[in-house]
Amino acid sequence: MKAEYDLIVIGAGSAGLSVSIAMRRFGLSVLLIDRNDNRIGGDCLNDGCVPSKALLHISRQVHQARLATAYGLNLSGEVDLARVMQYVRERQDVIRAHENAQYLRDVEMLDVEIGTASFVGPKTIRINGNETSAKNIVLCTGSQPQPLKASGVEQVNVLTHKTIFSLNDLPRHLLIVGAGPNGIEMAQAFRRLGSDVTVVGHENRILSKEPPSASALLQERLAGEGINFLLSAEVKSFTDAHTAHIESADGQRHTVVFDQVLATLGRTFDYDDMNLAAAGIELDDKGRLRLNNHLQTTNQHVFAAGDAAAGAPAGERYFSHAAELHASLLVANFITPVFDKSLSYDHFSWVTFTDPEVATFGLSAKELTERAVAFETIEHRFEKDDRAVVEDNQYACMWLLVEPAGLNPLNRKVLGGTMVAPNAGELIQELILANQQGLSISAFLGKTYPYPTASKVNKAIWVEALGSNIPGVLKTAVKWLY
Ligand SMILES: Cc1cc2nc3c(=O)[nH]c(=O)nc-3n(C[C@H](O)[C@H](O)[C@H](O)COP(=O)(O)OP(=O)(O)OC[C@H]3O[C@@H](n4cnc5c(N)ncnc54)[C@H](O)[C@@H]3O)c2cc1C
Ligand SMILES: NC(=O)c1ccc[n+]([C@@H]2O[C@H](COP(=O)([O-])OP(=O)(O)OC[C@H]3O[C@@H](n4cnc5c(N)ncnc54)[C@H](O)[C@@H]3O)[C@@H](O)[C@H]2O)c1
C-alpha cells in the first residue's frame, strides 16, 4: 500500500468494483479496500442477486417438472435443499474466479487491501494500522438488512439474506416478514421447492413500489401457487422459537407456527466503525450519508456510490445496476469535471425475478403527476397474443404511461410503464430504449417482429391503442386519398 493514491475506494461490491476498475483503466492509481476477501463482490455476489437468482432458477425447473406430470411424466421424491444450495455456491464460485483480491491485483492492476477502513482526516484513512491518503475517496460500503423487531424475537433465529443461503434443510413452513422484492422472490423460490410459505407485509399489497394493478396480478399468481399472504399486518410477538403472533390492521389475529423465519424489511446503514466525523462527513436523519446529486458527501473530496448513495436527493435505489449508474456518473465527473453530471433516475428500470417477472421503467404515474406532466395509461392484456396463447400466459399484462394523443398519434412517446409476464425483464428492454432515446411509437409500428416472438406485444399495444383512437380527420383524409 502506498502513502498516497489518486483514488481510494472503500467497499468492493458492485459499486466499488465498477468505480475502481474504470478509474484504474484510465491510468490512475487506485486503492480498493474490503473487509474480507470473501466479501469481494459484495451483497450481489455473496448473498444477494446471484444466489437468489440461482435459487429461483432451480425452483423454476422444479415447478416446470411438476407441471409436466400433466402429460404423463411421473415424478417422485422431494427436493434436496443441500444439493440446491451446492448448485448456488458453484455458480457463485464461477463469478468469484474474477471477483477476488488476487485477480483484481494481477489482472486489473489495482492495489487491494483487506481490512476495515476508517477516517483519520478529510482525505486520509487508516487500515490495518497504516495510514494512506487520496485526492478523492469513494464510499461504496453498501447497506445492511433491517432487523426484525417484535416482542420475544430474541428467542428466534431470524434469517436474513445473509444467512438463508446456508440452509441445508428445506423448511416445512417458512414465515417471511416483508413483502418487497427480496421477500417475494424468496417466497416463490421456497414455495416451488416444496415449503409452505406465509408472507406478512406491513402494507396492503405486495411490491408496493410497483403500480397497484401489477402488485395485484402477481399476488394472484403467487396465491395460486399456494403462498399465504397476511397483508396490512405486523408480527406482534414470538411466544417461542417457532410461534409468531400476527395482527392485521382490521384487528384480526393469526398464529403462525413456522420452522424458519426470514426478515426482508428493507435496508439500513452502519457507519459506527468508520469515524466519519474525522472527515467532516455527515449523516441525515435516516442514518444515510448526506449527499448532493453529484454523489458528493459533506466533504467535497468524499463521494458515495451503490446502496451507500441512498441519501442522494434523487431517491433510494438499492440495485446492482444503480451502483453501476452511480459509478459511471462518478467516473465521468472525475475525468471530465467540466460536464458535472447529476444523478437522475428518470430512465431507471428494475425487475423482480419472480415467475412471472415484474419489470418497471421510466417515471411512475405518481412522479408524472407531481411534475404536472400530462399522460395516459394504456393497458394491454396478452390474451390475444399467439405466443401467450400457446404458452398459456394469457394472464400477462402491461401498463404503459404515454403522452396524450395529439394531432399525430404516432408521435406519442413512452414515459414509463410496468409489465407482468414471463421474461418481462427481457421483453421490456426495447421499451426502455425507446424511453431513454425519446423514440415515438412509430418506431414499434414500423418494425416487423419474427412470428411468434413474445416481444411483439411491444407493437401490439400500439396497434390496439390506435385501432380504437384514429382521429376522424385522419380517417377522412385516408378516404379522400384512397
Ligand atoms: C436478496 C437480495 C437480492 C437482490 N437481487 C438483486 C437483483 O436481482 N438485481 C439488482 O440489481 N439488485 C439486487 N439486489 C440489490 C443489490 O445486491 C445491491 O444493491 C448491491 O449489491 C449493492 O452494492 P454495493 O456495492 O453498493 O454494496 P455491497 O455489495 O453491500 O458492498 C459493500 C462492500 O463494502 C464493504 N465494506 C463496508 N464497510 C467497509 C469498511 N469500513 N471497510 C472496508 N470495507 C467495507 C463490505 O464488506 C461489502 O463487501 C439484491 C439484494 C438482496 C439483499
Ligand atoms: N430483483 C431485484 O432487483 C431485487 C431483489 C431483491 C432485493 N432487491 C433490492 O434489495 C432491497 C431490499 O429488499 P427488501 O425487499 O428487503 O426491501 P424493500 O424495502 O423493497 O421492501 C421491504 C418491505 O417490507 C415491509 N416492512 C418493513 N418492516 C416491516 C415489518 N416489521 N413487518 C412487515 N413488513 C415490513 C416494507 O413496508 C416493505 O414493503 C430492495 O430495495 C431492492 O431494491 C432487489
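First listed ligand is number 1; within each ligand, the first listed atom is number 1.
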TODO: Could you pull out, from Ser143, Gly180, Ser208, the option with a heavy atom nearest to atom 23 (C) of ligand 2?
DONE: Gly180
Open item on the list: What I want to know is whether Glu203 and ligand 2 share at least one N or O pair that is separated by under 3.5 angstrom.
Closed with: yes
Task: Non-neighbouring partners of Ala101 that pass side chain to side chain contact (heavy atoms under 4.5 Å, CB included), sequence neighbours left out - done: Asp37, Ile40, Arg105, Val112, Ile114
TODO: Measure from atom 12 (C) of ligand 2 to every heavy atom in Lys149, Glu316, Arg267 and give the option owning the shortest one.
DONE: Arg267
Task: Heavy-atom proximity to atom 34 (N) of ligand 2, best of His202, Lys53, Arg317 - done: His202
Open item on the list: Could you check whether Arg83 makes a cation-pi contact with Tyr87, meaning its NZ or CZ is under 6.0 Å from the centre of the six-membered ring and within 45° of the ring axis?
Closed with: no
TODO: Check each of Asn182, Leu56, Asp43, Thr264 against atom 6 (C) of ligand 2 and report the one with the nearest heavy atom.
DONE: Asn182
- [ ] Compare Cys49, Gly16, Ser14 and give the one whose heavy atom is closest to atom 6 (C) of ligand 1.
- [x] Cys49
- [ ] With heavy atoms under 4.0 Å as the rule, classify the contact between Trp350 and ligand 1 as side chain, backbone, both or neither.
- [x] neither
TODO: Give the contacting part of Thr116 toward ligand 1: side chain, backbone, both or neither, where contact means a heavy-atom distance below 4.0 Å.
DONE: both
Open item on the list: Can you report which non-hydrogen protein atom sits closest to atom 5 (C) of ligand 2, along with the distance?
Closed with: Glu185 OE1, 3.4 Å
Open item on the list: Just to be sure I read this right, does ligand 2 sit under 4.0 Å from the backbone of Val351, its side chain, both, or neither, counting only heavy atoms?
Closed with: backbone
Task: Ring centre gap for Phe26 and Phe334 strictly below 6.0 Å - done: no
Open item on the list: When you compare ligand 2 with Gly201, is there at least one nitrogen or oxygen pair between them that comes in under 3.5 angstrom?
Closed with: no
TODO: Show which atoms of ligand 2 fall inside a sub-4.0 Å distance from at least one heavy-atom site of Lys209.
DONE: 18 (P), 19 (O), 20 (O), 41 (O)
TODO: Indicate, as side chain, backbone, both or neither, the part of Arg39 found under 4.0 angstrom from ligand 1 when only non-hydrogen atoms are considered.
DONE: both
TODO: Using side chain to side chain contact (heavy atoms under 4.5 Å, CB included) as the criterion, list what pairs up with Ala179, not counting sequence neighbours.
DONE: Ile184, Val199, Ile206, Leu231
Task: Test log, rule salt bridge (charged side-chain N to carboxylate O under 4.0 Å, His left out), inputs Glu247 and Lys236 - done: CA-CA 6 Å; Glu247 197 172 306; Lys236 284 285 180 199; 5.2 Å; no
Task: Short N or O distance, Tyr318 and ligand 2, threshold 3.5 Å exclusive - done: yes
